[in-house]
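Below is one structure, written out as structure tokens; comments come after it.
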Amino acid sequence: MDYFKRSKIASILKNPEKSDSVIVMGWVRTRRDSQNLTFLEINDGSSLANLQIVIEKLERFKELENIKLGAAARIVGKLVPVPERKHKIELHPDELLLVGDCPADYPLQKKRHSFEYLREIAHLRPRTNTFGAVNRFRSRIAYAIHKFFQERGFYYIHSPMITATDAEGAGEQFWVTTFDLDKIPMKDGEVDYDQDFFGQQAFLTVSGQLEAEIMATSLGDVYTFGPTFRAEKSNTSRHLSEFWMIEPEMAFCDLAEDMRLAGEFLMYLFQYALDNCQEEMEFFNAWVEKNRIATLESLLKSKFEIITYTEAVAILKKAKKTFEFPVDWGVSLQAEHERYLCEEHFKAPVMVHDYPRDIKAFYMRLNDDEKTVAAVDVLVPQIGEIIGGSQREERLDILKKQVEFFGVKEESIWWYEELRRYGTCPHAGFGLGFDRVLMYMSGMANIRDVVPFPRYPRSAKF
Ligand code: 4AD
Ligand code: MG
């Protein structure tokens, strides 16, 4: 198929020079016929822009008739620069080959489709301009994430996807079992997990943090970057049942240092998007949300507001706004509260730290007031929480009390406690929701549209 000899449209357009023989392969995005000429626009997925093909209607192009919208084609020909035209360069074919034809019922006809409809045809949606851009952007930002951490000496670790612990303690795990659900083995009136695949209860992980802590207390600075799973019944535009998370974990690090790294990391990603993803950012700016570029630019000039949870609650209580969920010290902040703080009160991204112990996870370090923990949430306008992090409880006696208080099963956490027996040290980390940060940077309004194959309640198609 001349895979190694073909030219990618992205590189042709980057450097629009004359050439006598290039091979291009892709899918027809538009076809227009005049009396003697046919104009095709071909897209091979390497960039948003198409390559313009100008074809004289000659006898020898026998397959031209069937190279229609959606078809896959291979074209060999000459590249001719046309600097006066918008498309700058065009391909004049010597050979035309129909690789895969496409019937007239192709769902992606040339008109705008709603994002809801495109979710129903997720096998074709990356061929649209928007989802091509989203998925190329996703790939580039994933690269930026590795670059950020690798350049700072962090090691990339693979935390397991199957686990026996509930790191966040929110009870939102998917079970992993090979039991036939119609015939579950029982013993003394209870499920006999001993007979299950792992000889115990097992789940899909909600977070790689606990394992990252093991690795950080050996390798120093580490990060995970992988899928995590939560069976939350949250049918919102910000929740997925399978989402990607980046979880750095740093030994000998406290909450203030953790917050500083979280801020630098977010700013790095915004800057990277503006500097290295111009094509996608310009597309989002034009078609998805006006002002996306200006918003990121102004954010880069701003500073994170840093307040305690107690201060946040005081601000929210004074707010001249009725919230759906009333605020009081001790309740979890809802998206509406988080957004009020960023969008209306501070008009800036905000870090809220020192949350009440009772509403956070067992592993967070207890503050001296014994009422709050060294936790931080990073909030951004439009989305609310984008990062959750904390300093971890490194003191064995206090950790044990927390484990008991939160009802974490000892047998699932003994190894975590041993890290505090053998050379314990202060350490901290955070989790950035990859899909949420992509939403924020692109301006896409629904998290289901920044992931190629979204999983959410009652939907695991494709
Ligand atoms: O605040 P969370 O639950 O924190 C943790 O999981 C910690 N173990 C992180 C750590 O300290 N290592 O989740 C972190 C982030 C959230 O701020 C949010 O951006 C994202 O993960 N997130 C989700 N994204 C999409 N869909 C969901 N259902 C999400 N739940 C959390
Ligand atoms: Mg959180």
Side-chain angles (χ1 to χ4, degrees), residues 1-104 106-113 118 124-137 140 277-288:
M1 211 56 254
D2 287 326
Y3 171 81
F4 290 104
K5 286 197 209 148
R6 81 192 157 141
S7 299
K8 288 214 178 188
I9 292 174
S11 38
I12 294 176
L13 298 177
K14 210 185 223 170
N15 201 3
E17 279 176 4
K18 183 173 176 304
S19 165
D20 281 341
S21 177
V22 294
I23 304 173
V24 169
M25 295 184 260
W27 295 268
V28 178
R29 281 292 183 83
T30 63
R31 174 177 176 141
R32 202 156 48 81
D33 285 278
S34 73
Q35 209 167 13
N36 309 317
L37 295 173
T38 296
F39 302 91
L40 295 180
E41 284 187 48
I42 296 276
N43 190 289
D44 65 0
S46 61
S47 74
L48 178 69
N50 305 324
L51 182 64
Q52 172 93 7
I53 323 278
V54 183
I55 311 160
E56 281 184 67
K57 290 185 172 160
L58 301 173
E59 268 298 289
R60 64 191 163 96
F61 296 142
K62 289 190 187 61
E63 294 189 312
L64 178 59
E65 198 185 325
N66 295 319
I67 303 184
K68 295 185 193 135
L69 181 69
R74 174 184 187 274
I75 301 138
V76 184
K78 295 182 188 58
L79 282 176
V80 183
V82 282
E84 70 286 1
R85 304 237 178 98
K86 200 175 135 227
H87 55 267
K88 299 282 184 275
I89 193 149
E90 51 193 39
L91 182 63
H92 295 176
D94 297 315
E95 277 175 47
L96 270 181
L97 177 73
L98 174 68
V99 178
D101 66 358
C102 184
Y106 186 48
L108 297 179
Q109 297 296 321
K110 237 192 123 38
K111 62 166 192 154
R112 289 199 86 175
H113 299 282
L118 290 172
L124 298 171
R125 99 178 158 155
R127 292 192 196 179
T128 62
N129 284 343
T130 305
F131 291 94
V134 163
N135 286 296
R136 282 186 291 273
F137 188 60
R140 292 190 214 287
C277 310
Q278 276 121 338
E279 184 181 85
E280 289 84 19
M281 286 309 302
E282 277 162 23
F283 177 84
F284 299 141
N285 208 50
W287 296 98
V288 174

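Between the side chains of Arg29 and Asn129, at least one donor N or O sits under 3.5 Å from an acceptor N or O.
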Side-chain donor-acceptor pairs of residues 81-90 under 3.5 Å, sequence neighbours excluded:
unit_1	atom_1	unit_2	atom_2	d
Arg85	NH1	Glu90	OE1	3.3
His87	NE2	Glu90	OE1	2.8
Glu90	OE2	His92	NE2	3.0

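In terms of the side chain to side chain contact (heavy atoms under 4.5 Å, CB included) criterion, residue partners of Leu69 (sequence neighbours excluded) are, by chain and number, Tyr106, Gln109. Applying the side chain to side chain contact (heavy atoms under 4.5 Å, CB included) criterion to Ser47, with sequence neighbours excluded, gives Ile9, Ala10, Leu13, Ala49, Glu279. Scanning for ring pair (Phe, Tyr, Trp, His ring centres under 6.0 Å) contacts around Phe137 gives Phe284, with sequence neighbours left out. Applying the side-chain hydrogen bond (donor to acceptor under 3.5 Å, both in side chains) test to Asn285 and every residue at least two apart in sequence or in another chain returns nothing. Residues satisfying the side chain to side chain contact (heavy atoms under 4.5 Å, CB included) test with Lys110, not counting sequence neighbours, are Thr30.
Among pairs with a residue in residues 36-48, none fulfils salt bridge (charged side-chain N to carboxylate O under 4.0 Å, His left out), at least two apart in sequence or across chains. Residue pairs meeting the side chain to side chain donor-acceptor pair (under 3.5 Å) criterion with at least one partner in residues 10-20, sequence neighbours excluded, are absent. Each salt bridge (charged side-chain N to carboxylate O under 4.0 Å, His left out) pair with one or both residues in residues 73-83, not counting sequence neighbours, appears once here: Asp2-Arg74, Arg74-Glu95, Lys78-Asp94. Within the structure, side chain to side chain donor-acceptor pair (under 3.5 Å) contacts touching residues 53-73 (residues at least two apart or in different chains) are Asp33-Lys57.
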Under the criterion side chain to side chain contact (heavy atoms under 4.5 Å, CB included), I'd like the reasoning laid out for Trp287 against Thr130: C-alpha separation, chi angles, the key distance, then a yes or no.
CA-CA 8 Å; Trp287 296 98; Thr130 305; 5.6 Å; no

